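This report refers to the structure that appears directly beneath it.
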Amino acid sequence: MTLETESNKKSELASSAWRLIRQNPAGAVGSIVVFIVLMGAIFAPFLTPFDYESFTSTRYTKPMGNATDRSIMLLGSDNLGRDQFTRLLYGGRISLLVGFVSPIIGVAIGTILGIVSAYYGKWTDLLLQRLTDSLLIIPGLVILMTVTASFGFTIKVVLSALALFSMIGSIRVVRSHVLGLRGAQYIDAQRAIGSSDLRVIFLHLLPNTLPVAVVLIAVGIAGAIVAEAQLSFLGLGIAPPVPTWGNMLNGAQNRFDLGPHLAIWPGIFISVTVLALNLVGDAVRDIMDPRLRGRQ
Amino acid sequence: MHQYILRRLLLLPPTLFFLGTILFFMVQAIPGDVASTLLAGEENAVDPKTMQKFREELGLTDPMIVQYGRWLAQTATGDLGYSYYFSKPVWDQIKPKIETTLTLAIFGIIIAVVLSLPAGVFSALYRGSLFDQIVRTISAAGMAVPAFWLGIIILLILSRKIGWMPPVIHSSIFDNPVDAFYRYLFPSLILGFRSAAVISRMVRSMMLEVLSEDYVRTAWAKGLQPRAVIVGHALRNALLPVVTMFGMLVATLIDGAVVLETVFNLPGIGLLMVDSVIARDASMVLGLVLSIGIFMMIWILLIDLSYKVLDPRVEYD
């Protein structure tokens with residue numbers, strides 16, 4: 001009996017997964033690519049014989065050229081003789097870490113603040129809205145640069161800056177969503193039976209806001225990866241020797257003669273990952289909120 | 001309407017105040033101060049006593065709150081302060097750079113509109129066609145490829161094919177028109193292309209929505225010319241939400257200008273921002289971000305007001 005229900009469940013899961021893939025093939029392809037990139041970053045030490053910091057060959061070895069130990073370097077070496085493929089894998093660790101973690105933190109805090117802002121209204125709302133308004137008008141990269149200029153060019157600072165940025169954006173979205181919920185009957189009913197504010201917020205408003213938060217995170221990851229890449233490319237993000245996809249392109253335009261491959265590959269990694277993440281983000285949005293389908 | 005404008009204008013000062021306050025305290029964290037920047041350099045060994053005296057003269061030893069008050073009073077009169085790194089008043093350093101960035105942005109917007117409107121409209125009209133698929137693929141790619149990398153790749157191709165690289169020393173348009181042309185053309189193209197990727201997608205989905213509306217069906221039923229239905233009835237209504245995007249689009253353009261001015265070595269606001277952040281010149285960073293903020297606030301207000309012109313149904317509460 002139990003076996004049967006279990007196998008039923010499994011086939012149900014498989015068929016719903018299959019339906020998801022059929023409905024959204026682009027999203028499925030996107031998730032596969034994202035998965036591969038993530039695995040590449042996580043298992044970097046097993047995928048490459050080289051170390052990302054040590055000098056393994058002469059400078060500017062061409063792709064498929066030989067390292068000093070005669071092994072083949074897939075994507076050649078950089079201006080210091082370090083293996084580019086290895087650095088891309090390890091760089092992916094930082095880029096993806098920053099890209100995934102900062103929107104999650106930012107949207108989490110932003111969701112709470114957005115709910116609080118909409119639920120309590122009055123002064124809380126006014127203060128929070130002025131605060132978000134004043135930061136929202138500044139273009140993202142400019143505000144990020146200002147933060148890293150002030151607090152330093154480290155992973156922690158870049159991560160916090162990006163989290164702050166996605167927080168500001170999500171407060172506004174969550175607030176307007178919750179303003180719509182606030183008038184709903186089940187919230188009125190909770191008030192009528194005397195539920196505490198905390199109870200209403202955490203048991204009723206938060207669960208109903210989660211789909212919005214998930215979409216914000218899904219869409220935010222790609223943006224965070226590009227933002228980190230831009231910052232680090234300008235030399236205002238995460239500073240070398242830690243490799244990130246962005247800082248590997250820093251100064252690439254001064255080395256066209258010797259290492260054109262150094263200008264090409266990090267960008268391909270960024271673009272493919274971001275494209276895949278965009279596809280996944282769109283799919284998540286479609287699944288979570290069918291009303292938004294096809295928009296923007 | 002007048003009340004709405006007045007209320008929006010009244011909101012500008014508090015928003016600016018908040019922004020300025022956050023920024024002021026943030027840039028205080030920048031290590032080193034004006035005194036050390038000025039006195040360090042050639043002979044690193046500066047007498048600590050001289051340094052202390054200099055700091056007192058500049059008011060850097062006052063409590064933070066006093067410095068904040070002084071900065072606030074100064075900024076309220078429209079004075080953005082003095083940049084010790086550039087040895088110029090902040091505004092004098094910003095002013096000549098505006099033209100470059102504005103040129104870039106205007107060409108970028110023109111290219112974006114010229115590319116995205118027909119692309120969006122026709123891919124909606126011929127939904128599912130080969131054209132539609134090509135437009136959507138290019139637009140997805142355009143959103144994924146970072147502007148700075150596109151810039152680098154274009155430079156790589158240019159340097160290979162015609163041996164051109166952006167000059168290290170800035171020359172004016174009149175001294176070297178060819179260089180200037182390249183340096184403006186490619187960043188504008190990249191800015192325009194990337195914005196077009198976003199806008200065309202929006203235009204397409206709004207067109208699809210509007211085309212299934214009753215009033216469009218009525219327009220067809222009346223036997224109007226296709227042109228009149230598509231441009232006069234459908235497009236006009238589809239573009240309304242697109243205009244909303246133009247507010248934020250300019251923010252994207254400024255971001256794009258920051259990286260592309262760096263790649264193509266164009267002396268605009270973006271490159272100035274990067275230079276001041278690298279130099280960690282607090283007053284310059286503060287002044288720049290505030291100026292950008294004021295510009296953005298006015299721009300977004302104008303966009304909001306333009307709804308009324310475009311859609312008479314819009315009521316401002």
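Note that the structure is predicted; figures quoted are calculated from it, not measured. To find a chain, count down the sequence lines: A is the first, B the second, and so on, and within it residues start at 1.
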Study note, to complete from the structure: Separation between CG (B:Leu23) and OG1 (A:Thr146), nearest 0.5 Å, reads 6.0 Å

**Study point:** B:Ile254 versus chain A, the contacting section by heavy-atom distance below 4.5 Å
**Key:** side chain

Review point. Going from CD on A:Gln129 to CG on B:Leu11, what distance comes out if it is rounded to the nearest 0.5 angstrom?
Key: 11.0 Å

Study note, to complete from the structure: Looking only at A:Ile225, A:Thr273, A:Leu275, A:Leu279, the option with the highest number of non-hydrogen pairs under 4.5 Å against chain B is A:Leu275

Check your understanding: With chain A, which of B:Thr15, B:Leu156, B:Val259, B:Val27 has the greatest number of heavy-atom pairs at distances under 4.5 Å?
Key -> B:Leu156

Point to revise | A:Val142 and B:Leu288: CA distance, side-chain angles, deciding distance, side chain to side chain contact (heavy atoms under 4.5 Å, CB included) verdict | key: CA-CA 9 Å; A:Val142 173; B:Leu288 257 173; over 6 Å; no

Review point. Which residue out of B:Val277, B:Val263, B:Leu150 racks up the most heavy-atom pairs below 4.5 Å with chain A?
Key: B:Val277

Check your understanding: Do A:Leu127 and B:Phe18 have side chains that get closer than 4.5 Å, going by heavy atoms?
Key -> yes

Review point. Side chain, backbone, both or neither: which part of A:Ala222 has a non-hydrogen atom closer than 4.5 Å to chain B?
Key: neither

Check your understanding: To the nearest 0.5 Å, how far apart are CZ in A:Phe233 and CD1 in B:Ile152?
Key -> 4.0 Å

Point to revise | B:Ile292 to A:Pro139 - nearest heavy-atom pair and separation | key: CG2-CD, 3.6 Å

**Study point:** Most chain B-contacting option - heavy-atom pairs closer than 4.5 Å, from A:Leu141, A:Leu236, A:Thr148
**Key:** A:Leu141

Review point. Passes side chain to side chain contact (heavy atoms under 4.5 Å, CB included), A:Phe153 versus B:Ile278? Steps please.
Key: CA-CA 10 Å; A:Phe153 307 125; B:Ile278 290 175; 6.0 Å; no

**Study point:** side chain to side chain contact (heavy atoms under 4.5 Å, CB included) assessment of A:Met145 paired with B:Val274
**Key:** CA-CA 8 Å; A:Met145 285 164 75; B:Val274 174; 3.7 Å; yes

**Study point:** Atom group of A:Ile137 that falls short of 4.5 Å from chain B, counting heavy atoms
**Key:** both

Revision key, fill the gap. Most heavy-atom pairs under 4.5 Å with chain B, out of A:Leu234, A:Val226, A:Asn278, belong to A:Leu234

Revision key, fill the gap. Looking only at heavy atoms, the pair that brings B:Asp255 and A:Gly140 closest together is OD2-N, 3.5 Å

Check your understanding: Under 6.0 Å from the CZ atom of B:Phe25, do we count more than 12 heavy atoms belonging to anything else shown?
Key -> yes

**Study point:** Which of A:Ala263, A:Ser150, A:Gly152 touches chain B most, by non-hydrogen pairs under 4.5 Å
**Key:** A:Ser150

Check your understanding: Most heavy-atom pairs under 4.5 angstrom with chain B, which of A:Ile264, A:Leu135, A:Val147, A:Asp133?
Key -> A:Ile264

Review point. Side chain, backbone, both or neither: which part of B:Thr262 has an atom under 4.5 Å from a heavy atom of chain A?
Key: both

Practice item. Dump the intermediate steps for side chain to side chain contact (heavy atoms under 4.5 Å, CB included) on B:Trp149 and A:Ile268, then the final yes or no. Key: CA-CA 9 Å; B:Trp149 184 60; A:Ile268 291 179; 3.7 Å; yes

Review point. Of the listed residues (A:Pro266, A:Ala229, A:Gly235, A:Gly246), which shares the most heavy-atom pairs with chain B below a 4.5 Å separation?
Key: A:Ala229

Point to revise | Per-residue contact mode, B:Leu155 against chain A (heavy atom under 4.5 angstrom) | key: both

Revision key, fill the gap. When every non-hydrogen atom of A:Ser271 is compared with those of B:Val145, the smallest separation belongs to OG-CA, 3.7 Å

